[in-house]
Protein chains: 2
Amino acid sequence: MTKVRDNGRKDAILAIAAGQFRRRGFERTSVRDIAEALGMTSGSLFYHFATKEELLVAVMEGGVRDIMQSVRDGLAGETRLPERLLSMVRSHLKALLGPRLDAMTVLLYEWRSLSPAAQSRVLALRDAYEALWMEPINEAVVLGLVESDAVLVRQTVLGALNWTAQWYRPEGRLDVDALAQSMYAMLFPRVAAASGAKSTSTLSGRGN
Amino acid sequence: MTKVRDNGRKDAILAIAAGQFRRRGFERTSVRDIAEALGMTSGSLFYHFATKEELLVAVMEGGVRDIMQSVRDGLAGETRLPERLLSMVRSHLKALLGPRLDAMTVLLYEWRSLSPAAQSRVLALRDAYEALWMEPINEAVVLGLVESDAVLVRQTVLGALNWTAQWYRPEGRLDVDALAQSMYAMLFPRVAAASGAKSTSTLSGRGN
DNA sequence: GTCTATATGCGGATAGAC
DNA sequence: GTCTATCCGCATATAGAC
């Protein structure tokens, strides 16, 4: 069964476009390139999307929608803080490095190609996603398990996670689950330790 | 002390180009834009640089040279591991977010605009810089103060640091020194704890 | 070293037939 | 929905005068 909203042609166009935008960048990709990869001519593309920018925006909006969905789904049923944070790290990495890699990478690295108007719309969506992280991080702050500056924690965590798109190779030794586990342990060491599991270390120094 | 190599005109071109490449991206910036900002015409630019790509490569090579210099200078005289790691974090952030912001951001985010040949040359330089981090991180691994996978630690740390270019605003509440201190404490908590020094949260009244 | 003028090609986008 | 044909502007890069 296909998804409810199966726009067929449009989705196929978006998938191809996302791949090309990621690999070659937005402005180095011509609409002729995309059309050719789809077996059509550039004139036909403009029947589906009025402008090239509209195509980029659609790719990005799909990316945000997917990662929010992924993180929310993973969170369902998790109530304890350590599991929730681990789940978010895992869902984020799976969305970023899995089948959605193209759209997610475009979202993260091509937003400067947008006109100012489109930029604020897309950045607003990104902000909404990032806001999902504030609740558990704030909880960790209250519990004294991370630095007191919750926003800085979020930027640091998301920076480390998002950067994986620049170096992670699926053929490598680490699969995404193992990567998620390791990065979680690095980025939230005191939360992981508090969960009772033996984390990387002894509870060093003062418990804080 | 002014630099020995003051090519004057060429340096001025590179500075302008770096700024435009950062703000508007490589392909959205035309050589006419750059020339106009310098008070010349596009024909004149090609007297100094044979191609637009040559300009990009020169900006990037300058960026790597500067950050390597900055990190090496900061390291001079530091012998203990905590001070060395803190120094590297600070130097990296200062190079990235300070007066070299333009070239550094271009280096990090515009390398896909390079031809394959130029790409491998520039990425080789980046690798050389990243290799600087392996020695202290390996030492921390041996001491059991970070995760055992030194490469993953490096990618995580550099990812978090490099991402600051996407969100840090100098007008904000945090200056670069304070940011460095906080990120160091987050990314190397057990090294920081082992140093016996103050942890970030409690001592805030100071610097500013 | 900088200018003017220009070659040359590719880009996004449109019109209208089928 | 897709095609062909085309408009038109802008981009890199060059030639040659000053």
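In what follows, chains carry the letters A, B, and so on, assigned in the order in which the sequence lines appear, proteins first and then strands, with residues in each chain numbered from 1. Just so you know, these numbers come straight off a predicted model, no measurement behind them.
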[X] vs [N]: side-chain N/O to OP1/OP2 distance below 4.0 Å:
X: S44(A); N: dC3(D); result: yes
X: Y47(B); N: dG1(C); result: yes
X: T41(B); N: dC3(C); result: yes

Rounded off to whole Å, could you give me the [atom1]-to-[atom2] distance for the [X] and [N] pair?
X: E54(B); N: dT14(D); atom1: CD; atom2: P; value: 11 Å
X: R24(A); N: dC10(C); atom1: CZ; atom2: P; value: 13 Å
X: L55(A); N: dG12(C); atom1: CG; atom2: P; value: 10 Å
X: F46(B); N: dC3(C); atom1: CZ; atom2: P; value: 14 Å
X: E36(B); N: dT4(C); atom1: CD; atom2: P; value: 13 Å
X: I34(A); N: dG11(C); atom1: CD1; atom2: P; value: 11 Å
X: K52(B); N: dC10(D); atom1: NZ; atom2: P; value: 15 Å
X: H48(A); N: dC3(D); atom1: NE2; atom2: C1'; value: 12 Å

> Is it true that atom CD of E36(A) has more than 12 heavy atoms of other residues, nucleotides or ligands lying nearer than 6.0 Å?
Replying inline: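 Atom CD in E36(A) is not crowded, with 12 or fewer foreign heavy atoms closer than 6.0 Å.
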> Side chains of Q181(A) and D177(A): donor-acceptor distance under 3.5 Å anywhere?
Replying inline: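 Absent: no donor and acceptor within the cut-off.
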> Checking only heavy atoms, does the side chain of R32(A) share a donor-acceptor pair with the base of dG12(C) at less than 3.5 Å?
Replying inline: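 Checked by distance alone, the answer is yes.
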>> If you apply the rule salt bridge (charged side-chain N to carboxylate O under 4.0 Å, His left out), what do you find for R112(B) with E110(A), and how did you get there?
In response: CA-CA 11 Å; R112(B) 283 182 322 167; E110(A) 301 288 328; 2.2 Å; yes
> To the side chain of V31(A), which of dC3(C), dG12(C), dA13(D) is closest?
Replying inline: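 It is dG12(C).
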>> Cation-pi check for F26(B) against K52(B): NZ or CZ below 6.0 Å from the six-membered ring centre and within 45 degrees of the axis, yes or no?
In response: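 Output yes; distance and angle both within limits.
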>> For W133(A) and Y129(A), take the angle between the two ring planes, folded into 0 to 90°, and tell me which bin it lands in: parallel under 30, tilted 30 to 60, perpendicular over 60.
In response: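 W133(A) and Y129(A): perpendicular rings.
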>> Return whichever of R28(A) or A50(A) has its heavy-atom-nearest nucleotide of DNA chain C closer to the 5' end.
In response: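 Here R28(A) is the residue nearer the 5' end.
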